[in-house]
Amino acid sequence: MQVSMTVNGKEVSADVEPRMLLVHFLRDELHMTGTHWGCDTSNCGACVVTVDGEPVKSCTMLAAMAAGHEIGTVEGLEVDGQLDPVQEGFMQCHGLQCGFCTPGMMLTAKALLERNPDPDEDTIREAISGQICRCTGYTTIVRSVQWAAAHPKGSEIGSSS
Ligand code: FES
Ligand code: FES
């Protein structure tokens, strides 16, 4: 079946099997491998993207269900060579080690900051509670999101604070 959607602001379309999951559509049809595929059981959260601005595990959704919607992936965070504040935050605060969970964590952080620009620690921890990181212990991820909240787009970022 033919499915069309917007991915990071661009219209895309492909002929896919009706059973194809969104995560495989992104990775195998569009070759956007920044969205990771970890467990296939809806547990790890490595596959999180945004659908109309809300974080969604892309292994829980068929590509056909995403038709007509706006999908955001990690590849869309950097714009015109400028890192998104969440990317900058993860870099400044060492919010990753192996990086496997990182694209999904950053998409969840971005969606959170868009609806709540100044979340407290509990709110951040709740937002990422459906996602597993086996490396960081989560503390630096929380700090990374707090850094991004304190340095929104358009503010002076990139200083070594
Ligand atoms: Fe989707 Fe693990 S691959 S939750
Ligand atoms: Fe390795 Fe999170 S940085 S799983």
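As the structure is a prediction and not an experimental result, all values here were calculated from the model. Just follow the structure's listing: the first ligand is 1, and inside any ligand the first atom is 1.
At a threshold of 4.5 Å between non-hydrogen side-chain atoms, the residues Val7 and Leu30 count as touching.
A donor-acceptor contact shorter than 3.5 Å links the side chain of Asp52 to the backbone of Glu70. Thr35 places no side-chain N or O within donor-acceptor distance of the main-chain N or O of Cys47, the cut-off being under 3.5 Å. Checked by atom type and distance alone, the side chain of Lys57 pairs as donor or acceptor with a backbone atom of Gly130 at under 3.5 Å.
Note: the hydrophobic cluster containing Leu112 also contains Met106 (ILVMFWY, side chain heavy atoms under 4.5 Å, direct or indirect links).
In terms of protein heavy-atom proximity, atom 4 (S) of ligand 2 is closest to Arg134 N, 3.3 Å. Nearest protein heavy-atom neighbour of atom 3 (S) of ligand 2: Gln97 N, 3.2 Å.
Put simply, NE2 on His94 and SG on Cys135 are 15.0 Å apart, with the number rounded to the nearest 0.5 Å.
Near-neighbour remark for atom 2 (Fe) of ligand 1: protein N, O or S atoms under 2.8 Å are Cys39 SG, Cys44 SG; waters not counted.
When the shell of 6.0 Å around CZ of Arg115 is examined, it contains more than 12 heavy atoms from other residues, nucleotides or ligands.
The aromatic rings of His36 and Phe100 sit parallel, their planes meeting at an angle under 30°, below the 60° perpendicular limit.
When rounded to 10 degrees, the angle formed at atom 2 (Fe) of ligand 2 by SG (Cys101) and SG (Cys133) equals 100°.
Less than 4.0 angstrom separates some heavy atom of Gly99 from each of these atoms of ligand 2: 1 (Fe), 3 (S). The atoms of ligand 2 that sit less than 4.0 Å from any heavy atom of Cys135 are 1 (Fe), 3 (S), 4 (S).
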